[in-house]
A.B. asks: 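Handing you a structure now.
Everything numeric here is computed off the predicted structure, so don't read it as measured data. Note on naming: letters A, B, ... go to the chains in the order of the sequence lines (proteins, then strands), and numbering restarts at 1 for each one.
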There are 2 protein chains.
Amino acid sequence: MIKKVLIAEDHESANISLQKTMEELGITDFHHAFYCDNALERIQREKARNDSYDLLITDLSFEEDSNVQKIKDGLTLIKEARLAQPDLRILVFSASKEAATIELLEKTLLIDGYVRKARNDAKELKEAIEKIANNQRHFPRHLMELVKQKNAHDFTKFDITVISLLAQGTLQKDIPVYLQEHNIKPAGLSSIEKRLNLMKESFGFAKNEQLVAYCKDMGII
Amino acid sequence: MIKKVLIAEDHESANISLQKTMEELGITDFHHAFYCDNALERIQREKARNDSYDLLITDLSFEEDSNVQKIKDGLTLIKEARLAQPDLRILVFSASKEAATIELLEKTLLIDGYVRKARNDAKELKEAIEKIANNQRHFPRHLMELVKQKNAHDFTKFDITVISLLAQGTLQKDIPVYLQEHNIKPAGLSSIEKRLNLMKESFGFAKNEQLVAYCKDMGII
DNA sequence: CTCAGCATTACGGTTTCCCATAAAATAACA
DNA sequence: TGTTATTTTATGGGAAACCGTAATGCTGAG
């Protein structure tokens, strides 16, 4: 049963609708945290008082402002919250549709649910909370599969290293030196060219600039 | 005076908070449109009935789904709405912090206000609507200046066009052709090179890939 | 050990990009 | 109108990237 909920979300308008959703679910004992640090404090405090939260609903991205925070994003908050209270249920409510992020949340951080801010998000939020109350998990399967399909290419660590170096301004011909220094193999210029070509071909791209733009969009680098 | 309002917004949760804001402002005569096409239809219909809307509040990005739309984004909706009803007030409520977009809305499309989905958005929304009711306009000055300051370099329309073309995979040597076709001057290859060099120099960048990465990060392209 | 099969690297020719300089066009001004 | 600035475009040489191919190294099966 979910009775006590903490909402970590900086957008006022999102908070308003979350509040309404809580009310519709008959949950009256909930609090808002507009900053991550405050959210973690509350979790720790209530746990110490033997009055722990049942559920944390959190966004992933928090805007930075003059109020400087130790924890700057939802991902870190989730990790810290898990340390502070291992049995806490966690539901992420975010606009991100990045497959890698959702997969990380589901497979590695083992959160309880993910609802994407989108057309029917309020309805889905209710579903998700009800499922979590019944010890089920809630993830947007359909979406993840779609996104996965779109990424025709599986980016390896090597790929990401190379593209990051390019995005930092490293000359292609200088990349082998860097790779050797960091004991990354293969390190030959031809191997780098080959890999870049493979990536570009699989996306139908013509230039490295396109690849960098794509990886930035996808949050890969 | 603002009495009759149309809200074009696809996210359910954003609609919920907008609804609450309307209620708090004492505006009871408002309607939701979840798709752009429907929003335009409503504007046209009510105008024909001599019962026009006083204000349109719209998002900029709408998610595409199975329900295929003629109008796919807020920018187009705004242009069409202006054609249908020139005296309609328009307030944009969007998460975009792209300076170029806000400037376009303010300077060219001459909308009445812009509120960014952020920490205190509900409060700002009320302010903006009240200002518009008093024939004032509302724009987030501070933000725009911040974004401007941060960018050591002032990106011109030309700069953005060139970088976008690069990010799309256009070969540098093919850009002059594109510029000529679109009547953009200057169009010479040397001018493009000169401009790219200037940008790279002002950031201390070595390669175009870096520039693309930076512009992606900053939301410039 | 030998040899096939694959991955990696090396090399050479071509294209594109980069950069400096010169020519041409345009704007500014008296 | 003529003269000077300024901007834009043209050109050529050199560096980097691109692309195909050949050589080398590594691995595992027989």
A.B. asks: Using the test side-chain hydrogen bond (donor to acceptor under 3.5 Å, both in side chains), find all partners of B/K200 that sit at least two apart in sequence or belong to another chain.
C.D. replies: B/N208
A.B. asks: Which is the 5'-most and which the 3'-most nucleotide of DNA chain C that has an atom under 4.0 Å from a heavy atom of chain B?
C.D. replies: C/dT16 to C/dC19
A.B. asks: Can you give one letter per nucleotide of nucleotides 17-26 of chain D, 5' to 3': B if a protein heavy atom sits under 4.0 Å from the base, S if only from the sugar-phosphate, - if neither?
C.D. replies: SBB-------
A.B. asks: Please report the distance, rounded to the nearest Å, between CD1 in B/I192 and P in D/dT8.
C.D. replies: 12 Å
A.B. asks: Residues two or more places apart in sequence or in another chain: which of them pass salt bridge (Lys or Arg N to Asp or Glu O under 4.0 Å) with B/K72?
C.D. replies: none
A.B. asks: Using the side-chain hydrogen bond (donor to acceptor under 3.5 Å, both in side chains) criterion, which residues pair with B/D112? Sequence neighbours excluded.
C.D. replies: none
A.B. asks: Can you name the residues that form a salt bridge (Lys or Arg N to Asp or Glu O under 4.0 Å) with B/D65, not counting sequence neighbours?
C.D. replies: A/R119
A.B. asks: A/D87: what forms a side chain to side chain contact (heavy atoms under 4.5 Å, CB included) with it, not counting sequence neighbours?
C.D. replies: A/Q85
A.B. asks: Classify the ring geometry of B/F30 against B/H32: parallel below 30°, tilted from 30° to 60°, perpendicular beyond 60°.
C.D. replies: perpendicular
A.B. asks: Tell me every residue that passes side-chain hydrogen bond (donor to acceptor under 3.5 Å, both in side chains) with A/T76, counting only those two or more places apart in sequence or in another chain.
C.D. replies: A/D73
A.B. asks: With sequence neighbours left out, write down each residue that passes salt bridge (Lys or Arg N to Asp or Glu O under 4.0 Å) with B/D59, or none if nothing qualifies.
C.D. replies: B/K117
A.B. asks: Rounded to the nearest Å, what distance is computed from the NZ atom of residue B/K194 to the P atom of nucleotide D/dT6?
C.D. replies: 12 Å
